[in-house]
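Residue numbering restarts at 1 for every chain, and letters A, B, ... go by the order of the sequence lines.
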Number of protein chains: 2
Amino acid sequence: MEKQASEVAPKQSNRCNCMNLRRASRAITQFYDDTLKPSGLTVTQLSLLRHLGMLKTATISELAKMVQIDRTTLNRNMKPLIREGFIDIRRGRDSRTRQIALTAQGKNAAIRGWKLWEVAQKTIKEYMGNNDLVKLTQLLLKVENIAHYNGKN
Amino acid sequence: MEKQASEVAPKQSNRCNCMNLRRASRAITQFYDDTLKPSGLTVTQLSLLRHLGMLKTATISELAKMVQIDRTTLNRNMKPLIREGFIDIRRGRDSRTRQIALTAQGKNAAIRGWKLWEVAQKTIKEYMGNNDLVKLTQLLLKVENIAHYNGKN
DNA sequence: ACAAATTGCGTGTATATACACCATCTTTTA
DNA sequence: TAAAAGATGGTGTATATACACGCAATTTGT
């Protein structure tokens, strides 16, 4: 095991697993958003555009399920993308539903964002090292599934 | 060719390191907040109260540095705690500063929250396993420091 | 066919997050 | 000592997050 040292952070604040994850989440979000800044997209927005690009078209609930985010959160997250004309929403056949799709502008924005995103991804890989990054990804996936654990609800 | 829908979605959505972290962060936050619900505190709020309890008193910037959160975010996060009478803010000697301190009610709330927090911590440890949890904590600490990496800015 | 259950969605409300900008107060410097 | 520089904090604005609630449309059960 490497030294890893105490760094700047006080020992007492590293005990809560949840806050540990949230601090890391804030840090990496700032890093990605900063890298993506020239594209005018946040990492959340780019993620949405890319998922939409894969699905071609989707209802709100379908997209929410795909990106694993709360449906009402997604609803709000789409607002800036609608305003910028990156996505288009229309009524579905089942008129309870909405069909969401990328516009041409949205596709272009996604491509611009993607190129910057690749830089961020590469930097992270370089910084973390491949082994640690793989391990981290694995562990995060497990954390995601905590809700299904047999100790809860 | 069949569709293999279950293959396309997860693979594609698990590629962004940032979104991976954010999904995990959302999941564990919901888990902690749910566990803490009877105390009336969110995990963020409990964290603030506990750090304040350690510091006895602090200025806003000091507390922000300790919990490693943006100063202006902290400012807003304190609002519910002030409203509930859990913390008390007054002008410092240097009248640019504010001195924050726990109230008696705040101490009680922190104690109530703590007990539930311990349950959440224990559950996570059980669920993740000790080795993986230690490894995760280590990796998250490294992620936190990405901003200092020599490939940025 | 009609009532009941279910599904899909939006909004009200509240917290969490942080950047840009500004006001104020203190310390340093010319 | 007056001006400049620095420190401290608040607010405007915007995004991200999700729970509770309710409305409208569809599907199901009798």
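The residue Asp94(B) sits close only to the backbone: its heavy atoms come under 4.0 Å of sugar-phosphate atoms, none of a base. Across all strands, Thr29(B) comes closer than 4.0 Å to no nucleic acid atom at all (heavy-atom distances).
Atom C1' of nucleotide dG8(C) and atom CD1 of Ile89(A) are separated by 13 Å, given to the nearest angstrom. Distance, Arg98(B) CZ to dC25(C) P: 9 Å, rounded to whole Å. The CD-P distance, from Gln99(B) to dT8(D), rounds to 12 Å in whole Å. As a whole-Å value, the separation of Ile60(A) CD1 from dC23(D) P is 19 Å. The interatomic distance linking Ile82(A) (CD1) with dC9(C) (C1') rounds to 13 Å, in whole Å. Taking atom CD on Glu62(A) and atom C1' on dG8(C), their separation rounds to 11 Å, with Å as the unit. One atom, CG of Leu74(B), and another, P of dT8(D), lie 14 Å apart when rounded to the nearest Å.
The Arg96(A) side chain lies nearest to dT26(D) when the options are dT26(C), dT26(D), dG10(D).
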Carefully, step by step, assess Arg22(A) and Thr29(B) under the rule side-chain hydrogen bond (donor to acceptor under 3.5 Å, both in side chains).
CA-CA 8 Å; Arg22(A) 294 179 67 141; Thr29(B) 296; 3.3 Å; yes
Determine, step by step, whether Arg91(A) and Thr97(A) satisfy the side chain to side chain contact (heavy atoms under 4.5 Å, CB included) criterion, reporting the C-alpha distance in whole Å, the side-chain angles of both residues, the deciding distance to 0.1 Å, and the verdict.
CA-CA 6 Å; Arg91(A) 308 188 75 82; Thr97(A) 67; over 6 Å; no
From CA spacing to verdict: side chain to side chain contact (heavy atoms under 4.5 Å, CB included), Ile60(A), Arg71(A)
CA-CA 7 Å; Ile60(A) 293 184; Arg71(A) 178 183 59 78; 4.0 Å; yes
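A salt bridge links Asp132(A) with Lys135(B): the distance from a Lys NZ or Arg NE/NH1/NH2 to an Asp or Glu carboxylate oxygen falls below 4.0 Å.
Ser47(A) contributes no side-chain N or O that, together with a main-chain N or O of Val43(A), makes up a donor-acceptor pair within less than 3.5 Å.
For the 3.5 Å distance criterion, the side chains of Asn77(B) and Gln45(B) fail to qualify, holding no donor opposite an acceptor.
Applying the 4.0 Å criterion to OP1 and OP2 of dT26(D), one finds that Ser95(A) has a side-chain N or O inside that range. A close approach under 4.0 Å does occur between a side-chain nitrogen or oxygen of Ser61(A) and OP1 or OP2 of dC9(C). Close to dC9(C), at under 4.0 Å from its OP1 or OP2, lies no side-chain N or O of Asn75(A).
Annotation: cation-pi geometry satisfied between Arg50(A) and Trp117(A) (NZ/CZ under 6.0 angstrom from ring centroid, within 45° of ring axis).
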Heavy atoms under 4.0 Å is the rule here; annotate nucleotides 13-19 of chain D 5' to 3' with B where the base is hit, S where only the sugar-phosphate is, and - elsewhere.
B-SSBBB
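Of the residues near DNA chain D, Lys79(B) and Arg91(A), the one whose nearest nucleotide (by heavy atom distance) lies more toward the 5' end is Lys79(B).
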